K.L.:
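Below is one structure. I have some questions about it.
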Amino acid sequence: MGFDDIKNKIPAGLEKLFAGIEAFIDKYYTEAGDSATFEDSCITSPETGVCDEEDFDTSSLKESKKIWSDAPASGALGSAASFTGMHAASATPVAPLAAPSKLSPRALDSLMAQVSETWSESLLRMIDEKGYTDTEVYKRAGIDRKLFSKIRSNPSYQPKKITAIALALALNLSLDETKDFLGRAGYALSPSSKFDLIVRYFIENEVFDIYTINLALYAHDQQLIGE
């Protein structure tokens with residue numbers, strides 16, 4: 001799998017962006033074992049003794065993966081509209097979130113005020129600050145409503161890494177904000193993970209659509225967000 005395998009399916013206008021992924025990975029990748037599967041990020045429930053598998057509403061994302069693998073090479077997914085909307089058959093279409101205004105560097109006093117903030121509290125604060133609704137964010141992230149309710153009701157909720165990444169993308173967080181957001185859950189974007197580097201690449205280029213990012217992940221044989 002590689003760029004040549006997906007070039008006819010890339011959303012219009014993003015061809016140059018996708019072409020730069022390989023160079024970005026080559027520049028930053030540290031081959032210390034590619035940790036892209038997230039199995040180690042699964043949090044064991046103290047009540048059941050097993051991993052909580054409730055994180056994602058995967059129906060639309062699984063349908064997306066099927067469409068990628070089944071799509072003809074003629075470019076059936078050759079426009080941004082058709083690509084980002086290809087999950088509509090299995091889920092109600094969600095309007096794209098409005099991009100937040102450019103953020104200035106965060107003031108030290110603002111950062112200090114957030115020192116004791118948990119991951120869940122940070123999530124809810126940023127939803128309010130960016131003017132989004134809970135529904136917009138959890139649908140954009142592919143998160144199940146029941147799971148989001150659990151997150152909202154538990155300030156100490158510990159997410160899986162891939163859940164935290166999906167919500168960071170849904171919030172359109174900058175790279176700086178994403179690092180802080182993941183850090184509150186005990187995670188980081190690792191240079192030894194191609195998955196993490198691809199996510200970082202799209203964040204740096206201000207592309208937050210999970211379905212578009214999943215196409216790049218699929219081309220590089222990485223786990224899909226929501227898989």
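Fair warning: this is a prediction, and the values are worked out from it, not measured in the lab. The figures here come from the full heavy-atom set of this structure, side chains too, leaving out hydrogens, waters and symmetry mates.
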K.L.:
Taking the six-membered ring of Y29 (Phe, Tyr or Trp), confirm whether the NZ or CZ of K194 is under 6.0 Å from its centre and within 45° of its axis.
P.N.:
yes

K.L.:
Quick check: does any side chain N or O of Q222 sit under 3.5 Å from a backbone N or O of H220, one acting as donor and the other as acceptor?
P.N.:
yes

K.L.:
If you define the side chain from C-beta out and look only at heavy atoms, does anything of P11 sit under 4.5 Å from L215?
P.N.:
yes

K.L.:
Locate the shortest heavy-atom distance separating L173 from M126; write the atom from each residue and the value.
P.N.:
CD2-SD, 3.7 Å

K.L.:
Give the minimum heavy-atom separation between Y187 and P159, together with the two atoms involved.
P.N.:
OH-O, 2.7 Å

K.L.:
What's the shortest heavy-atom distance between I203 and S174, and which atoms?
P.N.:
CG2-C, 3.8 Å

K.L.:
Can you give me the closest heavy-atom contact between I225 and N214, atom names plus distance?
P.N.:
N-OD1, 2.8 Å

K.L.:
Taking side-chain contact (heavy atoms from CB on, under 4.5 Å) as the criterion, tell me which of L171, L169, D209 meets it with R140.
P.N.:
D209

K.L.:
Are L147 and Y138 close enough that some pair of their side-chain heavy atoms sits under 4.5 Å apart?
P.N.:
no

K.L.:
Looking at every heavy atom in both A216 and I21, which two are closest together, and how far apart are they?
P.N.:
CB-CD1, 3.7 Å

K.L.:
Ignoring hydrogens and geometry beyond distance, is a side-chain donor-acceptor pair present between S190 and S192 at under 3.5 Å?
P.N.:
yes

K.L.:
Would you please name every residue forming a ring-ring contact (aromatic ring centres under 6.0 Å, His included) with Y28, sequence neighbours left out?
P.N.:
F24

K.L.:
Return the minimal non-hydrogen interatomic distance between Q158 and A185, and the atom names on each side.
P.N.:
NE2-O, 2.9 Å

K.L.:
Between E121 and R125, is there a salt bridge with N-O shorter than 4.0 Å?
P.N.:
no

K.L.:
Do any N or O atoms from the side chain of N205 and from the backbone of V207 form a donor-acceptor pair under 3.5 angstrom?
P.N.:
no

K.L.:
Taking the side chain as every heavy atom from C-beta outward, state whether N172 and K130 have any pair of such atoms under 4.5 Å apart.
P.N.:
no

K.L.:
Salt bridge check, E204 against R200: does any charged N sit closer than 4.0 Å to a carboxylate O?
P.N.:
yes

K.L.:
Taking NZ, NE, NH1 and NH2 as the nitrogens, is one of them in D196 or K161 under 4.0 Å from a carboxylate oxygen of the other?
P.N.:
yes

K.L.:
Take K27 and E22, measure what salt bridge (charged side-chain N to carboxylate O under 4.0 Å, His left out) needs, and give me the verdict at the end.
P.N.:
CA-CA 9 Å; K27 180 177 180 179; E22 297 290 349; over 6 Å; no

K.L.:
Is the closest side-chain heavy-atom distance between Y157 and K150 below 4.5 Å?
P.N.:
yes

K.L.:
Give me the ring orientation class for F18 and F202: parallel if the planes are under 30° apart, tilted from 30 to 60°, perpendicular past 60°.
P.N.:
perpendicular

K.L.:
May I ask you to test the L167-F181 pair for a side-chain heavy-atom distance under 4.5 Å?
P.N.:
yes

K.L.:
Examine Y211 together with Y218 and report whether their ring centres are nearer than 6.0 Å.
P.N.:
no

K.L.:
Do T133 and I127 have side chains that get closer than 4.5 Å, going by heavy atoms?
P.N.:
no

